[in-house]
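As the structure lists them, so they are numbered: ligands from 1, and atoms in each ligand from 1.
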Amino acid sequence: MIPRSPCQQQPQTAPWQELLADAITNPDELLALLNLPRSLLEPARIAAVQFKLRVPSGFVAKMSPGERDDPLLLQVLPLAEELLPADGYSTDPLAEIDAMVVPGLLHKYHGRILLTVTGACAIHCRYCFRRHYPYAEASPVRENLPRTLRYLHQHSEINEVILSGGDPLNLSDQRLSDLVKQLESVPHITRLRIHSRLPVVLPERIDDELLKWISATRLKVVLVIHANHPNEIDAALTQAMHKLHSVGVTLLNQSVLLRKVNDDAKVLTELSQRLFDAEVLPYYLHQLDSVQGAAHFAISDKTATRLIDEVRTRLPGYLVPRLVRESPHQAAKTPLL
Ligand SMILES: *Cc1c(COP(=O)(O)O)cnc(C)c1O
Ligand code: SF4
């Protein structure tokens, strides 16, 4: 081995950034890792053209080899079904473009705004409503930050900023802490909410650098993670959540109700229990947004309400997520009762 002098070393990358860069994007590799039939390859390749396969290997390690209906695999494996046209499914089911007041800034609900700070995600969830989102025009962090801050200053009713994406924790801690400092300069902002699936798919993301700026901000921090199935919650995630809890972060989870993944009262019950063991409270259980390519995941409202009614008979109220649907042009997410 040739010894390297310090000046030849790569710029510093955190271990999580390397894991992120090593995510699996080749369907061939995923099928081989899991010992799955080659017949799945061709459809996966075709469906991946529209929305790429992407999954960190730590998440693959939570799947059962040889199990083509593994509930975690179903969330990431591109399938031929995605290419079937479905009535009522569109590329912008939430009409989010209408709520975009500054590029990347969605002001849809009273008192809180949502910033799409990056288009990138650590994992590509096949049901995602952002699979067709025009991210290129929607990154406020760099060129649009002055406009975003001006908007915030002008709207004193806004007290919460939600970082979303993409996945905001994909950004480096340097960029996040710079952004948070700018947001802190707006006196009426009191809460920072982060919507991220990264802690679930790559718990290594919760490292000392992240904890440092989170501990330092004057804003109350809420982290909403995204897990759909109890198998997603392992010891590493639980440990990461304990660290965040110990620095005062409020921890919540949102799930999407997905056919063959979690459309089962027992599975949803266990998910809530595992989350609670990790200091996380269930927040929302979303009915699927009608995005093109995701129709095969849909559950009827009737089945959804029956499921949540059953969960309610098994768990204390604080462990029952709110079953909601997001509709365009509504003042809040709509509860389904
Ligand atoms: C879901 C959502 C929010 C936050 O809604 P809460 O009910 O506060 O969780 C804010 N803005 C947008 C655009 C959303 O989709
Ligand atoms: S935005 Fe969330 S749900 Fe959509 S692909 Fe990224 S991690 Fe998955």
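- Arg197 has its side chain within reach of Ile123: a pair of non-hydrogen atoms, C-beta onward, lies under 4.5 Å apart.
- Under a 4.0 angstrom heavy-atom cut-off, His107 registers as lying outside contact with ligand 1.
- Within ligand 1, counting atoms from 1 as listed, the ones closer than 4.0 Å to a heavy atom of Leu114 are 11 (N), 12 (C), 13 (C), 14 (C).
- By the criterion of a heavy-atom distance under 4.0 Å, neither the backbone nor the side chain of Ile113 is placed next to ligand 1.
- Near Cys121, the atoms of ligand 2 lying under 4.0 angstrom from a non-hydrogen atom of the residue are 1 (S), 5 (S), 6 (Fe), 7 (S).
- Which of His226, Arg197, Gln254 comes nearest to atom 3 (S) of ligand 2 through a heavy atom is settled by distance: it is His226.
- Proximity of Leu79 to Leu77: side-chain heavy atoms (C-beta onward) are separated by under 4.5 Å at one or more points.
- For atom 10 (C) of ligand 1, the closest heavy atom belonging to the protein is Tyr109 CD1, 3.4 Å.
- Inclusion of Cys125 in the first shell of atom 8 (Fe) of ligand 2 is supported: an N, O or S atom falls under 2.8 Å.
- The side chain of Arg193, and not its backbone, has at least one atom closer than 4.0 Å to an atom of ligand 1 (non-hydrogen atoms only; side chain from C-beta on).
- For the pair Leu258 and Ile299, the minimum side-chain heavy-atom distance is 4.5 Å or more.
- Against a heavy-atom cut-off of under 4.0 Å, Ile162 is close to the following atoms of ligand 1: 3 (C), 4 (C), 10 (C).
- Here is the list of ligand 1 atoms found below 4.0 Å of a heavy atom in Arg112: 5 (O), 6 (P), 7 (O), 8 (O).
- Nearest-residue assignment for atom 14 (C) of ligand 1 (options Lys333, Arg322, Lys108; heavy-atom criterion): Lys333.
- An N or O contact shorter than 3.5 Å links Tyr284 to ligand 1 by distance.
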